[in-house]
Amino acid sequence: MRADVLDPRTDPEPAYWDDLRTQAGLRADWAWPVLAVQAWGARTPQLVTVLFDGAEPVAAVNAGWLGLPAGRFSFARAGSRPRLGALHVRGPGSAAVPGWWSAEHVPLAEFADAYTRAARAALGPGALGVVWRQVRPDQVDQIKHRVGKALTTEPLWTIHTGRWTDREQWLMALSRSRRSNLRGIVKRMTADDNLEVRVQTGAVIDDRPVAEVMRWNDAKYGGALIPRVRVLGGYLRELSAQPDVRSYSYLDRSTGRLLAFGHVLDHPQRPVVRSWSQLPRDRGGIRDLYFHHLASVVGWSIDEGRLGLELGKGKSREKESLGAEPTEQVALAVPTRWW
Amino acid sequence: MAHCLTVRPLLWTPTYRRVVRTAFATVPHYRELWALHGRTDPTLVPGRTGAHAGATPAEVAVERLPDLVPLRGGPAEANPYRGLETAPLGHPVPLAAARDHPGAGIIRDDLLGVLAVRADCGRWHLCHRDVYARATPLGLAFTLLRQRSPMLVDIAPGTQGAVGACPIHGKPVVEL
Ligand SMILES: [Zn+2]
(Lines give C-alpha, C1' and ligand atoms only; values in the text may rest on other atoms or scores of the structure.)
Protein backbone atom coordinates (compact mmCIF):
# COMPACT_ATOMS: atom_id res chain seq x y z
CA MET A 1 0.00 0.00 0.00
CA ARG A 2 1.19 3.48 -0.85
CA ALA A 3 1.38 5.86 2.12
CA ASP A 4 1.43 9.60 2.81
CA VAL A 5 3.24 10.40 6.06
CA LEU A 6 2.28 13.99 6.85
CA ASP A 7 3.30 16.61 9.38
CA PRO A 8 0.21 18.81 9.85
CA ARG A 9 2.41 21.70 10.95
CA THR A 10 3.88 22.26 7.55
CA ASP A 11 2.11 19.94 5.12
CA PRO A 12 -0.96 21.54 3.55
CA GLU A 13 -4.35 19.90 3.92
CA PRO A 14 -4.53 17.07 1.37
CA ALA A 15 -7.20 17.46 -1.32
CA TYR A 16 -8.83 14.20 -0.23
CA TRP A 17 -8.99 15.13 3.48
CA ASP A 18 -12.64 16.27 3.71
CA ASP A 19 -13.91 13.18 1.89
CA LEU A 20 -11.71 10.93 3.98
CA ARG A 21 -12.97 12.46 7.23
CA THR A 22 -16.58 12.03 6.17
CA GLN A 23 -16.07 8.48 5.00
CA ALA A 24 -14.17 7.49 8.13
CA GLY A 25 -16.40 9.40 10.54
CA LEU A 26 -13.40 11.24 11.97
CA ARG A 27 -14.55 13.93 14.37
CA ALA A 28 -13.57 17.59 14.41
CA ASP A 29 -10.30 16.90 16.22
CA TRP A 30 -9.19 15.52 12.84
CA ALA A 31 -9.99 18.75 10.95
CA TRP A 32 -6.73 19.77 9.31
CA PRO A 33 -6.42 23.27 10.88
CA VAL A 34 -7.13 21.68 14.28
CA LEU A 35 -4.45 19.03 13.69
CA ALA A 36 -2.03 21.75 12.62
CA VAL A 37 -2.37 23.94 15.71
CA GLN A 38 -2.37 20.86 17.92
CA ALA A 39 0.88 19.65 16.39
CA TRP A 40 2.50 23.08 16.81
CA GLY A 41 1.58 22.95 20.48
CA ALA A 42 2.88 19.41 21.05
CA ARG A 43 6.13 18.41 22.71
CA THR A 44 6.69 15.59 20.27
CA PRO A 45 6.21 15.52 16.50
CA GLN A 46 2.71 14.46 15.46
CA LEU A 47 2.38 12.44 12.28
CA VAL A 48 -0.71 11.70 10.23
CA THR A 49 -0.35 8.69 7.95
CA VAL A 50 -2.77 7.87 5.15
CA LEU A 51 -2.66 4.50 3.40
CA PHE A 52 -3.96 4.08 -0.15
CA ASP A 53 -5.38 1.27 -2.22
CA GLY A 54 -4.50 2.61 -5.66
CA ALA A 55 -5.65 6.22 -5.53
CA GLU A 56 -8.18 5.64 -2.79
CA PRO A 57 -7.42 6.40 0.88
CA VAL A 58 -8.32 3.29 2.89
CA ALA A 59 -6.79 4.04 6.29
CA ALA A 60 -5.65 6.96 8.44
CA VAL A 61 -3.51 6.94 11.56
CA ASN A 62 -2.64 9.70 14.03
CA ALA A 63 0.48 9.17 16.09
CA GLY A 64 2.92 11.02 18.28
CA TRP A 65 6.58 10.21 17.66
CA LEU A 66 7.88 9.66 21.16
CA GLY A 67 11.59 9.47 21.37
CA LEU A 68 14.95 10.76 22.41
CA PRO A 69 16.00 13.42 22.81
CA ALA A 70 12.73 14.85 24.13
CA GLY A 71 12.19 18.23 25.72
CA ARG A 72 9.89 18.25 28.69
CA PHE A 73 9.66 22.01 28.64
CA SER A 74 9.79 22.70 24.95
CA PHE A 75 7.62 22.25 21.90
CA ALA A 76 8.72 19.81 19.25
CA ARG A 77 11.19 21.32 16.81
CA ALA A 78 9.96 21.55 13.26
CA GLY A 79 12.04 19.73 10.70
CA SER A 80 13.95 17.57 13.14
CA ARG A 81 12.84 14.28 14.59
CA PRO A 82 14.09 12.19 17.46
CA ARG A 83 16.50 9.58 16.19
CA LEU A 84 15.24 6.84 18.46
CA GLY A 85 11.71 6.22 19.56
CA ALA A 86 8.30 4.69 19.10
CA LEU A 87 5.07 5.80 17.50
CA HIS A 88 2.22 6.31 19.89
CA VAL A 89 -1.05 5.78 18.02
CA ARG A 90 -3.86 7.67 19.69
CA GLY A 91 -6.75 9.98 18.86
CA PRO A 92 -5.50 13.51 18.17
CA GLY A 93 -7.88 15.21 20.55
CA SER A 94 -9.56 12.48 22.51
CA ALA A 95 -8.44 9.30 24.20
CA ALA A 96 -12.05 8.06 24.18
CA VAL A 97 -11.75 6.66 20.67
CA PRO A 98 -8.94 4.99 18.68
CA GLY A 99 -6.41 7.03 16.75
CA TRP A 100 -6.86 5.10 13.57
CA TRP A 101 -9.46 4.23 10.97
CA SER A 102 -9.34 1.61 8.27
CA ALA A 103 -11.93 0.81 5.64
CA GLU A 104 -14.05 -2.24 6.33
CA HIS A 105 -12.65 -4.27 3.45
CA VAL A 106 -9.06 -3.89 4.67
CA PRO A 107 -8.05 -6.73 7.01
CA LEU A 108 -6.79 -5.31 10.30
CA ALA A 109 -3.55 -7.33 10.21
CA GLU A 110 -2.77 -6.07 6.72
CA PHE A 111 -3.49 -2.48 7.77
CA ALA A 112 -1.29 -2.67 10.87
CA ASP A 113 1.53 -4.20 8.87
CA ALA A 114 1.29 -1.57 6.11
CA TYR A 115 1.28 1.21 8.68
CA THR A 116 4.37 -0.10 10.44
CA ARG A 117 6.18 -0.39 7.11
CA ALA A 118 5.24 3.16 6.13
CA ALA A 119 6.41 4.50 9.48
CA ARG A 120 9.67 2.58 9.26
CA ALA A 121 10.29 3.93 5.77
CA ALA A 122 9.59 7.51 6.89
CA LEU A 123 11.39 7.48 10.24
CA GLY A 124 14.29 5.15 9.58
CA PRO A 125 15.91 2.50 11.74
CA GLY A 126 15.34 4.50 14.94
CA ALA A 127 11.64 3.58 14.77
CA LEU A 128 11.67 0.84 17.36
CA GLY A 129 7.99 0.06 17.41
CA VAL A 130 4.39 1.14 17.55
CA VAL A 131 2.26 1.54 20.66
CA TRP A 132 -1.43 1.17 19.83
CA ARG A 133 -3.96 2.57 22.27
CA GLN A 134 -7.70 1.95 22.54
CA VAL A 135 -7.41 -1.52 20.99
CA ARG A 136 -10.40 -3.81 21.54
CA PRO A 137 -9.52 -7.24 22.95
CA ASP A 138 -10.79 -8.95 19.78
CA GLN A 139 -8.39 -6.83 17.67
CA VAL A 140 -5.25 -7.66 19.61
CA ASP A 141 -4.12 -10.79 17.79
CA GLN A 142 -4.46 -9.25 14.36
CA ILE A 143 -2.47 -6.16 15.22
CA LYS A 144 0.30 -7.70 17.28
CA HIS A 145 1.42 -10.37 14.85
CA ARG A 146 2.55 -12.76 17.61
CA VAL A 147 5.34 -10.44 18.78
CA GLY A 148 3.61 -7.59 20.61
CA LYS A 149 2.98 -7.09 24.28
CA ALA A 150 -0.58 -6.37 25.40
CA LEU A 151 -1.62 -4.53 28.53
CA THR A 152 -5.22 -4.15 29.61
CA THR A 153 -5.85 -0.54 30.61
CA GLU A 154 -8.78 1.32 32.14
CA PRO A 155 -12.06 0.71 30.32
CA LEU A 156 -13.76 3.28 28.10
CA TRP A 157 -17.28 4.29 29.03
CA THR A 158 -20.24 4.74 26.69
CA ILE A 159 -23.81 5.81 27.38
CA HIS A 160 -25.86 3.99 24.75
CA THR A 161 -28.35 6.80 24.23
CA GLY A 162 -29.91 5.04 21.21
CA ARG A 163 -31.79 2.82 23.63
CA TRP A 164 -34.03 5.59 24.85
CA THR A 165 -36.52 7.85 23.15
CA ASP A 166 -36.44 10.64 25.72
CA ARG A 167 -34.53 11.77 28.76
CA GLU A 168 -37.17 10.47 31.14
CA GLN A 169 -36.57 6.92 29.88
CA TRP A 170 -32.88 7.31 30.51
CA LEU A 171 -33.50 8.59 34.04
CA MET A 172 -35.78 5.63 34.71
CA ALA A 173 -32.94 3.28 33.77
CA LEU A 174 -30.73 4.68 36.55
CA SER A 175 -30.70 3.76 40.21
CA ARG A 176 -33.34 5.44 42.29
CA SER A 177 -30.82 7.43 44.29
CA ARG A 178 -28.97 8.68 41.19
CA ARG A 179 -32.27 9.51 39.52
CA SER A 180 -33.56 11.66 42.36
CA ASN A 181 -30.12 13.20 42.77
CA LEU A 182 -30.04 14.17 39.06
CA ARG A 183 -33.58 15.53 39.14
CA GLY A 184 -32.59 17.64 42.13
CA ILE A 185 -29.48 18.93 40.38
CA VAL A 186 -31.30 19.81 37.16
CA LYS A 187 -34.09 21.50 39.10
CA ARG A 188 -31.63 23.51 41.16
CA MET A 189 -29.65 24.66 38.12
CA THR A 190 -32.76 25.49 36.10
CA ALA A 191 -34.08 27.59 38.97
CA ASP A 192 -30.77 29.43 39.26
CA ASP A 193 -31.46 32.64 37.35
CA ASN A 194 -27.86 33.69 37.68
CA LEU A 195 -26.57 30.64 35.78
CA GLU A 196 -26.40 31.11 32.04
CA VAL A 197 -25.90 28.02 29.89
CA ARG A 198 -24.66 28.78 26.39
CA VAL A 199 -24.41 26.02 23.81
CA GLN A 200 -22.78 26.96 20.52
CA THR A 201 -21.70 25.16 17.38
CA GLY A 202 -19.04 26.57 15.08
CA ALA A 203 -18.44 29.19 17.74
CA VAL A 204 -16.03 32.09 17.89
CA ILE A 205 -14.81 31.82 21.48
CA ASP A 206 -12.46 33.82 23.65
CA ASP A 207 -9.94 31.18 24.71
CA ARG A 208 -8.63 33.18 27.69
CA PRO A 209 -11.44 32.50 30.18
CA VAL A 210 -11.50 28.88 29.01
CA ALA A 211 -7.78 28.55 29.73
CA GLU A 212 -8.33 30.22 33.08
CA VAL A 213 -10.99 27.66 34.01
CA MET A 214 -8.71 24.85 32.84
CA ARG A 215 -5.91 26.13 35.06
CA TRP A 216 -8.07 26.24 38.16
CA ASN A 217 -9.50 22.89 37.27
CA ASP A 218 -6.11 21.35 37.75
CA ALA A 219 -6.22 21.41 41.53
CA LYS A 220 -2.69 20.22 42.04
CA TYR A 221 -1.29 23.52 40.81
CA GLY A 222 -1.34 26.60 42.97
CA GLY A 223 -1.95 30.07 41.67
CA ALA A 224 1.53 31.45 42.24
CA LEU A 225 3.18 30.02 39.16
CA ILE A 226 1.08 29.82 36.07
CA PRO A 227 0.89 26.17 35.11
CA ARG A 228 0.72 25.35 31.46
CA VAL A 229 -2.56 24.54 29.83
CA ARG A 230 -2.12 21.42 27.80
CA VAL A 231 -3.13 23.01 24.53
CA LEU A 232 -2.55 26.34 22.81
CA GLY A 233 -5.28 28.98 22.97
CA GLY A 234 -5.44 28.76 19.20
CA TYR A 235 -6.33 25.09 19.52
CA LEU A 236 -9.35 25.90 21.69
CA ARG A 237 -10.44 28.57 19.22
CA GLU A 238 -9.95 26.41 16.14
CA LEU A 239 -11.70 23.39 17.64
CA SER A 240 -14.65 25.49 18.84
CA ALA A 241 -14.97 27.00 15.37
CA GLN A 242 -15.61 23.62 13.72
CA PRO A 243 -19.25 23.19 12.65
CA ASP A 244 -19.46 19.76 14.28
CA VAL A 245 -18.22 20.86 17.70
CA ARG A 246 -20.58 21.89 20.49
CA SER A 247 -19.13 24.32 23.01
CA TYR A 248 -20.88 24.43 26.39
CA SER A 249 -20.23 27.59 28.43
CA TYR A 250 -21.61 27.98 31.93
CA LEU A 251 -21.55 31.62 32.98
CA ASP A 252 -22.28 33.70 36.04
CA ARG A 253 -24.87 36.08 34.59
CA SER A 254 -24.19 38.90 37.05
CA THR A 255 -20.43 39.02 36.51
CA GLY A 256 -20.17 37.44 33.06
CA ARG A 257 -17.55 35.14 34.49
CA LEU A 258 -17.04 31.73 32.90
CA LEU A 259 -17.64 29.03 35.53
CA ALA A 260 -17.24 25.90 33.45
CA PHE A 261 -16.59 24.85 29.89
CA GLY A 262 -16.95 21.66 27.89
CA HIS A 263 -16.63 20.44 24.29
CA VAL A 264 -18.65 17.74 22.60
CA LEU A 265 -17.32 16.41 19.30
CA ASP A 266 -20.35 15.48 17.25
CA HIS A 267 -20.59 12.38 15.08
CA PRO A 268 -23.52 10.87 13.17
CA GLN A 269 -23.62 7.93 15.56
CA ARG A 270 -21.15 8.40 18.40
CA PRO A 271 -20.36 11.89 19.69
CA VAL A 272 -17.50 12.25 22.16
CA VAL A 273 -17.84 14.19 25.41
CA ARG A 274 -14.35 15.53 25.16
CA SER A 275 -13.41 17.83 27.96
CA TRP A 276 -14.85 19.39 31.03
CA SER A 277 -13.29 22.06 33.23
CA GLN A 278 -14.81 24.08 36.01
CA LEU A 279 -13.80 26.58 38.61
CA PRO A 280 -13.37 25.13 42.10
CA ARG A 281 -16.19 26.03 44.48
CA ASP A 282 -14.05 28.43 46.50
CA ARG A 283 -13.51 30.39 43.27
CA GLY A 284 -17.19 30.70 42.51
CA GLY A 285 -17.70 27.30 40.90
CA ILE A 286 -20.99 25.44 41.27
CA ARG A 287 -21.30 22.02 42.85
CA ASP A 288 -22.55 19.18 40.64
CA LEU A 289 -22.36 21.19 37.45
CA TYR A 290 -20.72 18.21 35.75
CA PHE A 291 -23.81 16.09 36.34
CA HIS A 292 -26.02 18.84 35.01
CA HIS A 293 -23.79 19.06 31.95
CA LEU A 294 -23.85 15.33 31.30
CA ALA A 295 -27.62 15.19 31.74
CA SER A 296 -27.99 17.93 29.17
CA VAL A 297 -25.62 16.27 26.70
CA VAL A 298 -27.38 12.93 27.16
CA GLY A 299 -30.73 14.63 26.50
CA TRP A 300 -29.36 16.17 23.32
CA SER A 301 -27.88 12.85 22.17
CA ILE A 302 -31.22 11.07 22.70
CA ASP A 303 -33.15 13.81 20.91
CA GLU A 304 -30.77 13.69 17.96
CA GLY A 305 -30.98 9.90 17.73
CA ARG A 306 -27.28 9.30 18.35
CA LEU A 307 -26.43 5.69 19.22
CA GLY A 308 -23.97 6.38 21.97
CA LEU A 309 -22.05 9.04 23.84
CA GLU A 310 -18.37 8.27 24.30
CA LEU A 311 -17.20 9.43 27.71
CA GLY A 312 -13.65 8.11 27.74
CA LYS A 313 -11.93 6.59 30.71
CA GLY A 314 -11.82 7.53 34.39
CA LYS A 315 -14.49 8.57 36.90
CA SER A 316 -15.84 5.04 36.51
CA ARG A 317 -18.21 5.09 39.47
CA GLU A 318 -19.89 8.32 38.39
CA LYS A 319 -20.13 7.23 34.77
CA GLU A 320 -21.57 3.86 35.67
CA SER A 321 -24.18 5.52 37.87
CA LEU A 322 -25.21 7.61 34.85
CA GLY A 323 -25.93 4.51 32.83
CA ALA A 324 -22.61 4.24 31.01
CA GLU A 325 -21.19 0.83 30.12
CA PRO A 326 -17.53 -0.11 30.00
CA THR A 327 -15.61 -1.41 27.00
CA GLU A 328 -12.39 -3.16 27.75
CA GLN A 329 -9.40 -1.69 26.02
CA VAL A 330 -5.85 -2.77 25.53
CA ALA A 331 -2.60 -0.91 24.97
CA LEU A 332 -0.43 -2.84 22.60
CA ALA A 333 3.31 -2.42 22.05
CA VAL A 334 4.52 -3.95 18.81
CA PRO A 335 8.26 -3.87 18.11
CA THR A 336 9.31 -3.12 14.56
CA ARG A 337 10.00 -6.26 12.60
CA TRP A 338 12.81 -6.08 10.10
CA TRP A 339 11.72 -9.02 8.02
CA MET B 1 24.91 54.92 31.17
CA ALA B 2 27.48 52.57 32.70
CA HIS B 3 25.29 49.50 32.42
CA CYS B 4 24.65 50.20 28.76
CA LEU B 5 28.31 49.99 27.82
CA THR B 6 29.14 46.49 28.97
CA VAL B 7 27.85 44.64 25.91
CA ARG B 8 29.13 45.46 22.50
CA PRO B 9 26.33 46.18 20.01
CA LEU B 10 27.90 43.56 17.78
CA LEU B 11 26.63 40.84 20.13
CA TRP B 12 23.23 42.42 20.39
CA THR B 13 21.35 40.97 17.43
CA PRO B 14 22.54 37.37 17.92
CA THR B 15 21.33 37.57 21.53
CA TYR B 16 17.94 38.76 20.29
CA ARG B 17 17.77 35.93 17.77
CA ARG B 18 18.52 33.43 20.50
CA VAL B 19 15.72 34.88 22.62
CA VAL B 20 13.32 34.64 19.66
CA ARG B 21 14.17 30.98 19.17
CA THR B 22 13.78 30.22 22.86
CA ALA B 23 10.40 31.97 22.90
CA PHE B 24 9.26 30.00 19.86
CA ALA B 25 10.38 26.73 21.45
CA THR B 26 9.00 27.27 24.95
CA VAL B 27 6.36 30.03 25.20
CA PRO B 28 2.76 29.32 24.08
CA HIS B 29 1.90 32.80 22.79
CA TYR B 30 4.91 33.10 20.49
CA ARG B 31 4.62 29.49 19.42
CA GLU B 32 1.12 30.07 18.19
CA LEU B 33 1.67 33.53 16.71
CA TRP B 34 4.84 32.74 14.81
CA ALA B 35 3.90 29.19 13.77
CA LEU B 36 0.45 29.97 12.42
CA HIS B 37 0.98 33.54 11.20
CA GLY B 38 4.72 34.04 11.07
CA ARG B 39 7.32 36.73 11.64
CA THR B 40 10.38 38.36 10.06
CA ASP B 41 14.01 38.89 11.12
CA PRO B 42 14.24 35.99 11.69
CA THR B 43 11.52 34.07 9.85
CA LEU B 44 10.91 30.78 11.64
CA VAL B 45 8.49 28.95 9.34
CA PRO B 46 9.37 29.31 5.66
CA GLY B 47 6.82 31.47 3.87
CA ARG B 48 5.11 32.75 7.00
CA THR B 49 5.98 36.38 7.65
CA GLY B 50 3.10 37.46 9.89
CA ALA B 51 0.72 40.39 9.88
CA HIS B 52 2.95 42.77 11.86
CA ALA B 53 6.36 41.19 11.30
CA GLY B 54 5.58 39.04 14.34
CA ALA B 55 5.14 41.88 16.83
CA THR B 56 2.49 41.80 19.56
CA PRO B 57 0.59 44.95 20.58
CA ALA B 58 1.33 45.73 24.23
CA GLU B 59 -2.36 45.65 25.15
CA VAL B 60 -2.66 42.12 23.76
CA ALA B 61 0.41 41.04 25.72
CA VAL B 62 -1.14 42.44 28.91
CA GLU B 63 -4.32 40.44 28.29
CA ARG B 64 -2.34 37.28 27.61
CA LEU B 65 0.33 37.33 30.32
CA PRO B 66 -0.30 33.69 31.35
CA ASP B 67 0.50 32.67 27.75
CA LEU B 68 3.83 34.49 27.99
CA VAL B 69 5.06 32.16 30.73
CA PRO B 70 7.43 29.46 29.45
CA LEU B 71 6.38 25.81 29.70
CA ARG B 72 8.61 25.24 32.70
CA GLY B 73 6.60 27.85 34.63
CA GLY B 74 7.33 31.22 36.14
CA PRO B 75 5.67 34.45 37.21
CA ALA B 76 3.01 36.00 34.99
CA GLU B 77 3.15 39.52 36.37
CA ALA B 78 4.65 42.48 34.57
CA ASN B 79 7.35 44.41 36.40
CA PRO B 80 6.92 48.12 35.57
CA TYR B 81 10.04 48.96 37.61
CA ARG B 82 12.36 46.54 35.85
CA GLY B 83 15.66 48.26 35.18
CA LEU B 84 14.88 51.25 37.36
CA GLU B 85 17.47 50.40 40.01
CA THR B 86 20.36 50.50 37.52
CA ALA B 87 19.09 53.42 35.47
CA PRO B 88 20.48 56.89 36.18
CA LEU B 89 18.19 59.33 37.91
CA GLY B 90 15.80 60.97 35.56
CA HIS B 91 12.18 61.77 35.02
CA PRO B 92 10.39 58.65 33.77
CA VAL B 93 8.21 59.21 30.72
CA PRO B 94 6.14 56.75 28.70
CA LEU B 95 7.34 55.99 25.17
CA ALA B 96 4.45 57.91 23.62
CA ALA B 97 5.50 61.11 25.42
CA ALA B 98 9.27 60.76 24.98
CA ARG B 99 9.52 62.62 21.68
CA ASP B 100 8.27 65.87 23.17
CA HIS B 101 9.99 65.45 26.50
CA PRO B 102 12.78 68.00 26.99
CA GLY B 103 15.97 67.40 28.94
CA ALA B 104 17.12 64.39 30.91
CA GLY B 105 14.82 61.46 31.42
CA ILE B 106 14.21 57.77 31.07
CA ILE B 107 11.63 55.94 29.01
CA ARG B 108 9.67 53.60 31.21
CA ASP B 109 6.79 51.37 30.15
CA ASP B 110 4.24 49.77 32.50
CA LEU B 111 4.71 46.38 30.90
CA LEU B 112 8.34 46.47 29.84
CA GLY B 113 10.04 48.61 32.48
CA VAL B 114 12.93 50.93 31.62
CA LEU B 115 13.72 50.96 27.91
CA ALA B 116 15.99 53.91 27.18
CA VAL B 117 17.86 56.76 28.80
CA ARG B 118 18.55 60.22 27.36
CA ALA B 119 22.32 60.67 27.14
CA ASP B 120 24.35 63.87 27.15
CA CYS B 121 24.24 63.78 23.33
CA GLY B 122 20.51 64.37 23.60
CA ARG B 123 19.55 60.98 22.08
CA TRP B 124 17.50 58.20 23.65
CA HIS B 125 20.01 55.44 24.24
CA LEU B 126 18.49 51.97 24.50
CA CYS B 127 19.43 49.98 27.58
CA HIS B 128 20.73 47.45 25.13
CA ARG B 129 22.12 45.10 27.73
CA ASP B 130 18.53 44.23 28.63
CA VAL B 131 16.47 45.54 25.76
CA TYR B 132 16.35 44.98 22.02
CA ALA B 133 14.30 47.18 19.72
CA ARG B 134 13.20 46.94 16.11
CA ALA B 135 10.83 48.87 13.90
CA THR B 136 7.69 46.98 12.90
CA PRO B 137 4.41 47.96 11.21
CA LEU B 138 2.99 48.33 14.75
CA GLY B 139 5.72 50.81 15.63
CA LEU B 140 8.79 50.20 17.75
CA ALA B 141 8.77 46.72 19.25
CA PHE B 142 10.83 45.84 22.30
CA THR B 143 12.29 42.61 23.59
CA LEU B 144 13.52 41.98 27.12
CA LEU B 145 16.69 39.97 26.55
CA ARG B 146 17.13 38.75 30.11
CA GLN B 147 13.62 38.34 31.52
CA ARG B 148 12.63 34.67 31.48
CA SER B 149 9.02 35.05 32.63
CA PRO B 150 6.80 36.51 31.45
CA MET B 151 8.83 36.47 28.26
CA LEU B 152 8.38 39.75 26.39
CA VAL B 153 9.49 39.56 22.78
CA ASP B 154 8.67 42.13 20.10
CA ILE B 155 6.13 43.96 22.21
CA ALA B 156 4.85 47.12 20.55
CA PRO B 157 3.51 49.88 22.84
CA GLY B 158 2.19 51.64 19.75
CA THR B 159 4.68 54.41 19.03
CA GLN B 160 6.34 54.81 15.65
CA GLY B 161 10.08 55.20 15.56
CA ALA B 162 13.37 53.89 14.24
CA VAL B 163 16.44 52.22 15.69
CA GLY B 164 19.83 53.62 14.82
CA ALA B 165 23.32 54.11 16.16
CA CYS B 166 24.42 57.20 18.04
CA PRO B 167 27.04 58.99 15.90
CA ILE B 168 28.85 60.13 19.03
CA HIS B 169 28.68 57.08 21.29
CA GLY B 170 28.25 54.37 18.65
CA LYS B 171 25.49 52.75 20.69
CA PRO B 172 21.89 51.81 19.73
CA VAL B 173 19.41 54.65 20.02
CA VAL B 174 15.72 54.99 19.33
CA GLU B 175 14.65 57.85 17.11
CA LEU B 176 11.10 58.98 17.76
ZN1 LIG C 1 24.81 59.20 22.28
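We use all heavy atoms of the structure for the numbers below, so side chains are in, but hydrogens, waters and symmetry mates are not. We name chains A, B, ... by the order of the sequence lines, and we start the count at 1 in each one.
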Margin query: Does the plane of the ring in B:Trp124 sit parallel, tilted or perpendicular to the ring in B:His101? Use 30° and 60° as the thresholds.
Written below: tilted
Check: What are the two closest heavy atoms between B:Met151 and B:Tyr30, and how far apart are they?
Finding: O-OH, 2.7 Å
Notebook entry, point to check: Under 3.5 Å, side chain of B:Thr143 to main-chain N/O of B:Leu145, donor-acceptor pair present?
Noted result: no
Next item on the list: Using a cut-off of 6.0 Å, state whether more than 12 heavy atoms not belonging to B:Tyr81 lie near its atom OH.
Entry: no
Note to self: Exactly one of A:Gln278, A:His293, A:Glu196 should register a side-chain hydrogen bond (donor to acceptor under 3.5 Å, both in side chains) with A:Tyr250. Which one does?
What the structure shows: A:His293
Checklist line | Residues in residues 198-210 of chain A that sit under 4.5 Å from chain B, counting heavy atoms only | finding: A:Asp207, A:Arg208
Checklist line | Heavy-atom pair with the smallest gap, counting every atom of B:Thr56 and B:Leu138 | finding: C-CD1, 4.3 Å
